[in-house]
Structures are given as C-alpha cells and as structure tokens.
Protein chains: 2
Amino acid sequence: MSRRRSSSVTIRDVARKAGVSVATVSRYINRNAPVSQEVAERLDEVMIEMRYVPHAAARHLASRKTRVIGLLLNNLHNDFFVPLLNGVEGVIRKKGYNLIVATYHADIRNETPPPIGPHNTDGLLVFSDGLVDDDLINLNARGFPMVLVHRTPPPSVSIPSVTVENTEITHKLVDHLIKVHGKRRIMFLRGPIHQEDSLRREVGYKSALRANGIPFDENLILNGEFDRDIAYQVMHGFLNNGRQIAFDAVFTGDDDSAIGVLRALHQHDYRVPEEIAVVGFDDLGFASFLSPPLTTVRAPTEAVGRIATERLFGLLENQLSDEVMILPTEIIFRRSCGCQS
Amino acid sequence: MSRRRSSSVTIRDVARKAGVSVATVSRYINRNAPVSQEVAERLDEVMIEMRYVPHAAARHLASRKTRVIGLLLNNLHNDFFVPLLNGVEGVIRKKGYNLIVATYHADIRNETPPPIGPHNTDGLLVFSDGLVDDDLINLNARGFPMVLVHRTPPPSVSIPSVTVENTEITHKLVDHLIKVHGKRRIMFLRGPIHQEDSLRREVGYKSALRANGIPFDENLILNGEFDRDIAYQVMHGFLNNGRQIAFDAVFTGDDDSAIGVLRALHQHDYRVPEEIAVVGFDDLGFASFLSPPLTTVRAPTEAVGRIATERLFGLLENQLSDEVMILPTEIIFRRSCGCQS
DNA sequence: ACGGTTACTGTAAACGGTTACATTATTTCA
DNA sequence: TGAAATAATGTAACCGTTTACAGTAACCGT
C-alpha cells in the first residue's frame, strides 16, 4: 500500500521493472549517454508496455528547459493571425517543441504580469505591442530569448526582429491613388495606437500626400484598430455624422478592416471604386474575392512567422543575431482602387 | 558562494527576505490559507521588489496541476480557426490558465504520440479528427478531462462534445438550390476524410438529392479538404480535365474552400451564379464581401469555442456532463446561389 | 603489465514549489 | 471558565525528473 498520490507511471516504476536505475532510464530517454544494447531493448519494451510518458513539469524543473515557445499577441480578432500562426507552428512542431499562445494587453495600467515568460517558456515571440518596452528591456537584460514580430526593438536595446516593409509601400500605394486615380481626399484608418505597422503606414501616407502637395487633414484619420468590426462601426459613424466631410478614397489599414469599411460604404450606397476607392494591406486569402477585388499590399505573413521562429531557435542554440529583418512587400492592383475596371 | 545553478529568485529567497517560512509565502500566493495583514503587506513589497514570479514547472510538479489547456487541431490552414481560437482563448484567459495549441495528424500510422496530453495539460479540447478513437478512448478511460469540438464521441464512450448542426441545414441548402434555382447537377466538395462535419454535410446533400428525385453522381464529388488552396487545385483540375461532366452548382464544403472554388471558376470564365451557383458553410467574416456575396450557413464558431472551453472547465471542477451539444445554424442567403440578383 | 581511456551503471542531491502535520496564540461559546 | 474551534505560522516530506560524482569492468597502447 503506497502513499503515492498519483496513479501515473513514473520513471522509477520503469526502472524497477527493467531492473536498472532511474539514471539509466533517463539517459536512455534523452540519449545523452550510452546504454547497453540489452538494456535499451528491455527499456523499449517496458516503456511501451507500461505506457510511460515522462512528466513534463518534472522534466522542466530538473532540466530547466520547458521545450515551450510562447507567442504573445494583443488579440485574436484578425484573419491575419492564421498564416502567422501557421508559419510559427510549423517550425515549432518540427523541432518537437510546444506552442503556447497568449493574448495580453500590454498597458502601463495593466497590473498583471504577462502570462507567459521565463517562468513557463524557453523563449518568446512578441507580436506587435504585445509587451511594453519596459518588459521587453527587462527580459532582454535577463538574457531571455525573444524575437519581435511586426515591431522593432526599443532604442538602445538589440532584440532580433522580423517585420515587413510598411512605409515605402504605403507611400507608393497612396501615391498611386493620387496620381493614377486622381484621388485627393484619402481617408486613413489607423491601427491600434503605438502599433508600429500602423505608425509606419501613417508615415508613408503622409509623405505621399506631401509629395503630391495635398494638405493633411486630421478629419480624414479614423481609428479602425485593425479590427473588422471596429472599422465598420467607426466608418459607419463617420458616414452618419460627417457627411459634410468629403472623401474619395480609404486606406483601410489592413485587409480585415477593409471588410468592415466595405460593409459600411455598401450600406450607405457608395459605389466602390467609382465614388470611393478602397485599398487594404496584407493580401489575406479572401482579398482577391472581395467585392470589388481588393487592391492591397501583399505581406509574406507566413514567412514572417516561420523566419521569426527559426531565429528564435537560433537564439536558443546561442547563435547570436540582433539584426532587424524587414521582408519585402508588393502592391497587388485589383479593382477596388479603380484599376482593372 | 552558493551552488545554485539558476539566477532566478525563488520562493525561499522571498521567504528569507520577508522573515517568514516558504509555506507562508506559498499560502499567501495561492490565497489558500489566511495570512496576517502585516505579513501580507511585507510579502507584497518583497515580491515586487525582487520581481518574484513563481516557477511554473515547480508549481505543476508539486500541485499536480498545470493550469494549461491544450487545443488539438489537425491543421492551421483555415480562417475558421480565428473565431474558434478567439472563443477558446477568451475563457482561458479569464480563468488565468494558459493555452497550448498543437497540430497533430491523428493517423493510425503516426508513431509519435500526441504532443499534448495528461503529461503537460490539465485538459484537452480536441477538434475534429485531432485524435483517433483509440487515443480518445484511452485518455477517457484514464479520467483525463476532454471536450470534443466539431465531432461527437466514438460509440460507447461518453465525452462531452460541442458541435454545430450540419445535416439538416445542408439538406435545406441543397434543397434550396434545387427548388428555387432549378439546379440539378450539384457538385459537393468533401472535407478531410473522416471529418464529421464533412460526413454529415454529405448526408444532408445526398438526402436532399434523394428527396428531389435527383440521382447521386459520384463524379460530382471532389475532395476539397476544407482547404482554400486544395479546393482551388482540385476544382481547377476538374475544369481542365472533365469539361464533359456538366454541373450547375457547387456546395464548397466550407467558406474557405469557397474562395478556392470561386477563383477556379473565375479563371475558367464561369459566371457565378448565372452559370454556376456556389454555396459555402461557416459564414466567415469575409463571406458577405466575396464576389459575388456568398450564400452560406452561419455557424456560431466563436460560441463553439467558448462553450466547449467552459464545459472543459466544468469538467475540471468535477461537474459531470456527457451530453452532445449541437448549436443551431442558419442559412444566410446572398447572391452566389442566385438569390438577390 | 600497467596507467589511461572508454563504456556503462548507480547513488543521491538538486530543481522550486505545495501541503500534511504540528504548534502556539487567540476566539468563541456553552 | 474551560473546552473547542479558529487563526497564523513553521517544519519537512514529497512531486518526477536530470545530472554531478563515483565506481567498475573492459580495452588500448607502449
């Protein structure tokens, strides 16, 4: 009659049954020291027979490695995350690691610490503003492996980072609306405040206006939050209240918001692109089948996920690298901007 | 000069600095025994000052709880997963748990055990065919908490399950194509083999044909795998090779596949819905803005994720329940079937 | 033949928490 | 007022691994 609280089979049970010490079993499992042919075979049998699975927590505690990678997102409201997750997950599975996904609102006022970090993962992929700079600097100072995704490191810190080119391509896209389609009152939907993609896109937007001698009008900036539903609401609100403010095009911030914007425009009987041109960003799978087909910027989102994860594993294996990697983007011209119509 | 291998601060450090025992610290952290006002305040200070974060693995090992829920998917190739994940993640965060997401190809021939299970999670959400029946039965027999998502339990096992109504609604939808739009050669794109949604939809499809006296034609069944790209390829291949086989409508299996199908039809210059009607399933966010707007079945995917997770927590708290929950679905008529044109 | 590797194995101390059990001081209540 | 319950705390065993250290036996080169 044992005092054991648990019913699960442990390494000791295996060791006893196979007539060896637990150390030998552990070494065989981890293949980090030679074991005699005979013992190996016996262990294989016993382990299968007893359905032994090593207890992860015990392993983590003893080895000080979790074999878990964390992905910190700020929300899960965007189809954008499917290709991203897919890229990340593929690499992680290949490496035999596990993926923990958490959403966290990095906010100075957020009292609770991030749910994932050094205490439960070996490394973190931090998307966008998933962590505030302070946390980032702190973790980095403690030598915790991280790779930033769709954001660059805070000044004076060097953390590897993978993102896409935003500024120039947005400049080009807005420039296209102006030069080719004669638009001059172009609305811009911001993403979340402090979101780097959004910031850079805004820079590109403004520089294109400036380059074309078009005055910037604060009234044409809306906060779409890169969220389909919020974009819809904010656009809907604008159309209800502010009909007096003229506009002839919308840069929706991202493709997901484009859906909300299109819905609102549609509801208010605007014709796209004849009256209002609409362009997005990301080139999500549905973009070419929206009505009208969406002119947008193709971003290699799955590659971002894949490369970021590979770099994180590089870090775990002590291959240092601190460069910011910016993947190229390209404009896909479709009908919503007025092309191909 | 200590022998400590790690540099991180432990509960013992906190205890020493606060002048109490580790037991007291532990109890205060877990709020599972009263602690004097004075000690509480001192601990708060010390813990913040030392930036103490409990080591997850140690906690798990000692308490035999991981505070981690696993979500087992068969892939991450579908925008469908965003609302699902969102529903799941919301509940998990509220409970202070963590979410581990894994893809696993449940296959008799798959030698490696599932990456998540009793050894690293407190419970599992098993999507579709994420696990083979044997594994399911096995884990269930060991009393491991699980909730099935978009599938029902194998015969003679009772595991709670949350899914959506497939058969009747598909019957209705196909019936609509036949009765209202006069279609008689309706193509059906299957999902992954053994995928229950797909199987049930097929049943509904066939029963609608039968009810209308239309003979079933095996040639009109394609394997779209519920995957946008595969659906495109298979449709594209069909249109290239099989032009002799007439058809006048496509039930694409799900909305994601609808995108692939639309692309292929478009490329081959078919007009939708005039020549070919197209209908999907799920009503993903983009469905109403496809070109043409997609007639589809609205599935409460986020609710499925939320409810399944809530039921899993119910299980963790020993509230038994073994019923199969089937959430209602409804047809959303848009233009791609021929309505509203 | 002998010191030095190499192959294989075992013992026991971590790893960083939780918690059963024990203890003392303080209330509560018949 | 005395017994019992409650509050607050400490001691130490335990959770299931990994791994430093130690040891034995076989092998190797000179």
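Here is how names work: the chains are called A, B, and so on, in the same order as the sequence lines, proteins then strands, and each is numbered from 1.
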**OP:** Please check if the distance between the ring centroids of F81(A) and F81(B) is under 6.0 Å.
**Re:** no
**OP:** Name the closest nucleotide to the S63(A) side chain, picking from dG16(C), dT19(D), dT17(D).
**Re:** dT19(D)
**OP:** Name every residue in residues 30-40 of chain A that has at least one heavy atom under 4.0 Å from any atom of DNA chain C, in order of residue number, or write none if there are no such residues.
**Re:** P34(A), V35(A), S36(A), V39(A)
Subject >> side-chain contact (heavy atoms from CB on, under 4.5 Å), paired with I116(A), selected from V68(A), L71(A), T121(A) >> reply: T121(A)
**OP:** Would you check if there is a donor-acceptor pair between the side chains of R93(B) and T103(A) at a distance under 3.5 Å?
**Re:** yes
Original post:
Given the rule in the side-chain contact (heavy atoms from CB on, under 4.5 Å) test, do V147(B) and V126(B) qualify, once you have shown the distances and angles that lead to the verdict?
Top reply: CA-CA 6 Å; V147(B) 172; V126(B) 182; over 6 Å; no
Original post:
How does DNA chain D look in dot-bracket notation if pairs are Watson-Crick or G-U with both distances under 3.5 Å, crossing ones as [ ], other-strand ones as |?
Top reply: ||||||||||||||||||||||||||||||
**OP:** Measure from CZ on R42(A) to C1' on dC8(C) and round the result to the nearest Å.
**Re:** 13 Å
Original post:
Which of residues 17-27 of chain A have a heavy atom under 4.0 Å from DNA chain D?
Top reply: A23(A), S26(A), R27(A)
**OP:** Please work out whether the ring planes of H150(A) and F80(A) are parallel, tilted or perpendicular, with thresholds of 30° and 60°.
**Re:** perpendicular
Subject >> M47(B) CE to dG17(C) C1', straight-line distance once rounded to whole Å >> reply: 13 Å
Original post:
Checking only heavy atoms, does the side chain of R12(B) share a donor-acceptor pair with the base of dG17(C) at less than 3.5 Å?
Top reply: yes
Subject >> Pair D122(B)-T66(B), side-chain donor/acceptor within less than 3.5 Å >> reply: yes
Original post:
If you measure only the distance, is there a donor-acceptor pair under 3.5 Å linking the side chains of R59(B) and N30(B)?
Top reply: yes
Original post:
What's the NE2-P distance between H55(A) and dT18(D), to the nearest Å?
Top reply: 12 Å
Original post:
Is Q319(A) atom CD crowded by more than 12 heavy atoms from other residues, nucleotides or ligands, each under 6.0 Å away?
Top reply: yes
Subject >> Distance in angstrom units between I29(A) CD1 and dT17(D) C1', rounded >> reply: 9 Å
Subject >> Side chains of T152(B) and E196(B), donor plus acceptor under 3.5 Å >> reply: yes
Original post:
Looking at R64(B), does any N or O in its side chain come under 4.0 Å of the phosphate oxygens OP1/OP2 on dG17(C)?
Top reply: no
**OP:** Just do the side-chain contact (heavy atoms from CB on, under 4.5 Å) check on V25(A) and V46(A) with the steps written out, would you?
**Re:** CA-CA 11 Å; V25(A) 180; V46(A) 173; over 6 Å; no
Original post:
Are any side-chain N or O atoms of S63(A) and backbone N or O atoms of K65(A), one a donor and one an acceptor, separated by less than 3.5 Å?
Top reply: yes
Original post:
Whole Å only: how far is the CG atom of L61(A) from the P atom of dT18(C)?
Top reply: 12 Å
Subject >> Rounded distance in Å - OH (Y28(B)) to C1' (dG10(D)) >> reply: 19 Å
Subject >> Protein-nucleotide distance (R16(A), atom CZ; dG10(C), atom C1'), rounded to Å >> reply: 16 Å
Original post:
Between R59(A) and A58(B), which is nearer to the 5' end of DNA chain D once each is assigned its nearest nucleotide?
Top reply: A58(B)
Original post:
E38(B) and R42(B): salt bridge (charged side-chain N to carboxylate O under 4.0 Å, His left out), yes or no, with the steps?
Top reply: CA-CA 6 Å; E38(B) 187 201 335; R42(B) 193 137 31 97; 3.3 Å; yes
Subject >> Between P of dA12(D) and CD1 of I11(B), the distance in whole Å >> reply: 17 Å
